[in-house]
2 protein chains.
Amino acid sequence: MSLDRATMDERVPRDFETLRTTILERRESLPKRIAQIAAHALDNPDDIAFGTAASIAASAGVQPSTLIRFAQQLGFDGFTSLQQVFRERLRERNSSYDERLQALRAKAEGGAGHRAIFDGFVAAASTSLNDISRTLDEAHLEDAISLLAKAETIYVLAKRRSYPVASYIAYALGKLKIRNQLIESAAGLNAEMIGFATPADAVIAISFSPYAPATIEEARSISEQGVPIVAITDSSFSPLAQFAKVWFEVAEADFAGFRSLSATMALAMALTVGVGEKRRDTSRKRKA
Amino acid sequence: MSLDRATMDERVPRDFETLRTTILERRESLPKRIAQIAAHALDNPDDIAFGTAASIAASAGVQPSTLIRFAQQLGFDGFTSLQQVFRERLRERNSSYDERLQALRAKAEGGAGHRAIFDGFVAAASTSLNDISRTLDEAHLEDAISLLAKAETIYVLAKRRSYPVASYIAYALGKLKIRNQLIESAAGLNAEMIGFATPADAVIAISFSPYAPATIEEARSISEQGVPIVAITDSSFSPLAQFAKVWFEVAEADFAGFRSLSATMALAMALTVGVGEKRRDTSRKRKA
DNA sequence: TATGTATTGGAATTATTATTTCATATTCCC
DNA sequence: GGGAATATGAAATAATAATTCCAATACATA
């Protein structure tokens with residue numbers, strides 16, 4: 001019996017993802033009790049990693065022997081080797097994203113296919129998110145939101161790599177019915193647009209090294225008009241920082257020459273939604 | 001003996017951090033072999049979580065009995081209960097992002113300040129990234145990259161919420177010196193622009209529910225011209241899917257009414273850089 | 001409905017692993 | 001330096017857990 005299986009299906013899933021896929025593929029063709037365990041395993045992977053055959057079987061409502069049959073049906077030689085996969089998963093997940101990123105960079109360098117590139121971008125994004133949620137200064141966030149919430153019009157200023165973030169901010173502000181103006185270069189009328197801004201307005205400016213000269217120039221001129229600036233940039237030496245009332249330092253990990261935007265995006269959205277909330281609160285108080 | 005200890009030090013560390021602190025406090029006063037294990041335990045917590053008394057003892061260079069004495073010295077009644085703490089730690093750390101996201105949503109609803117909003121967006125982004133790296137179909141990725149790599153010009157089509165992604169793709173393609181055309185609505189000349197596309201070109205189209213009618217319309221007309229389309233969208237029922245040669249289903253988590261873009265971004269970058277690589281490879285082969 | 005096949009439950013068996021014990025070594029204090 | 005207290009190593013033992021086996025049941029097929 002086990003010989004037959006070995007002949008028919010040589011490859012035993014070594015990693016959790018493969019295992020998961022395999023289980024889902026066979027889902028339909030599995031006997032009732034085995035399917036019951038399969039479902040339980042995918043729903044409670046941690047339990048499989050740490051439990052004993054008896055305890056797992058009990059909490060899945062089957063006999064321990066069924067659990068072993070399940071493992072064998074998947075090509076493992078027993079419950080123990082199946083469990084290894086679930087344990088490995090916890091180890092992996094836990095190994096720091098930085099390490100993973102290193103490994104992925106090397107792999108992609110070595111020309112390991114496009115999946116590796118994709119994984120690299122995912123890892124870069126995750127690293128950036130981890131980083132920012134560790135380093136974000138809550139007081140700065142509050143300050144920035146207060147400042148922006150008071151503005152009549154919020155101007156959004158960003159070029160090149162940062163432009164996607166700016167366009168998302170503009171989209172979100174629009175949906176929240178907050179007056180805003182995205183400063184694009186298409187029509188070449190930036191200088192005039194900026195001219196309309198007054199100290200009652202505010203600016204969100206985003207720029208990373210190498211800083212787009214136009215962004216810096218526009219930030220300077222707008223700050224000279226007395227318009228307060230909230231800046232998102234990548235170091236305290238950034239030329240943007242000197243013009244800003246409040247600024248955030250965001251370190252994005254890069255992969256294959258392109259930096260992630262995920263941390264900047266998360267911050268941008270928090271600012272936007274934060275402003276929306278603050279305005280709601282304020283107008284409610286005014287009515288009362 | 002054990003009675004004395006129980007009297008002196010009633011509280012047994014239940015969580016990893018307390019345990020860690022306790023160990024570090026006593027570090028000096030521990031016997032040599034016990035200290036050896038203590039160090040090993042703090043350095044390789046995963047090994048303690050998963051190993052057997054014998055295997056851990058071996059890799060720390062001591063006898064199993066010493067490991068048990070170590071556990072008892074800390075107030076546990078044996079190695080097994082010490083191990084529980086190390087296992088609990090892995091469970092905690094791993095408690096799914098989904099759960100965290102739920103908690104954060106509740107917190108933000110309850111008006112728990114702006115930090116909660118920020119954390120929510122970070123969690124939404126992380127969830128989306130986890131999700132996509134589980135579900136991405138590698139074959140689709142390869143197909144899409146092949147298709148795009150052959151194109152003379154890559155057209156990038158997206159509106160509203162998806163537009164930031166499109167603009168980043170356009171930026172990245174530009175840096176990689178890959179001819180591309182972003183279809184914006186600003187000048188109102190989309191129809192004409194689309195008219196230039198031929199079957200030798202290709203399109204990346206991005207749209208999520210509620211689908212921008214303009215995007216769908218443009219996708220239809222461009223596919224009728226025989227231009228192959230790679231679509232990024234959110235379900236198999238998406239109107240985009242029917243026009244596309246290859247399409248990706250990306251499920252983004254949302255927070256406070258705005259969906260994350262991080263998964264879409266990662267996929268977009270993988271496509272872009274993938275195309276860049278593929279072209280380099282192809283031209284190298286041609287020379288040879 | 002009868003018959004063969006696949007699935008399941010539960011106890012018996014085997015294996016692995018934690019713990020205890022005891023002899024020996026080391027350390028500390030008088 | 002002698003003796004008690006403490007620490008360590010190694011093997012024996014106890015506990016726990018995985019696996020196997022077989023009878024009973026469900027299921028499909030003719």
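Chain naming here is simple, since letters A, B, ... match the order of the sequence lines and numbering starts at 1 in each.
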Nearest-Å distance, [atom1] ([X]) to [atom2] ([N])?
X       : N      : atom1 : atom2 : result
B:Phe76 : C:dT19 : CZ    : P     : 12 Å
B:Lys32 : C:dA25 : NZ    : P     : 15 Å
B:Phe79 : C:dA18 : CZ    : P     : 5 Å
B:Asp77 : C:dT19 : CG    : C1'   : 11 Å
B:Ile48 : C:dA18 : CD1   : P     : 12 Å
B:Phe70 : D:dA7  : CZ    : C1'   : 16 Å
A:Leu30 : C:dA6  : CG    : P     : 15 Å
A:Arg33 : D:dC27 : CZ    : C1'   : 15 Å

Is any side-chain nitrogen or oxygen of [X] closer than 4.0 Å to OP1 or OP2 of [N]?
X       : N      : answer
A:Thr66 : C:dG10 : no
B:Gln63 : D:dA10 : yes
A:Gln83 : D:dA18 : no

Can you figure out which of [options] approaches the side chain of [X] most closely?
X       : options               : value
A:Ile34 : D:dT8, D:dA18, C:dT8  : C:dT8
B:Arg69 : C:dC22, C:dT8, C:dT17 : C:dC22
B:Ile68 : D:dT8, C:dT20, D:dT20 : C:dT20
B:Ser65 : C:dG10, D:dT8, D:dG9  : D:dG9

Partner of A:Arg26 under side chain to side chain contact (heavy atoms under 4.5 Å, CB included), chosen from A:Ile23, A:Leu24, A:Thr22: A:Thr22
Geometric class of the B:Phe248/B:His140 ring pair [parallel <30°, tilted 30-60°, perpendicular >60°]: perpendicular
Note, B:Arg20 side chain near B:Leu42 side chain (heavy atom, < 4.5 Å): yes
B:Phe86 side chain reached by B:Leu19 side chain, heavy atoms, under 4.5 Å: yes
Between CD1 on residue B:Ile132 and CZ on residue A:Phe118, distance to nearest 0.5 Å: 4.0 Å
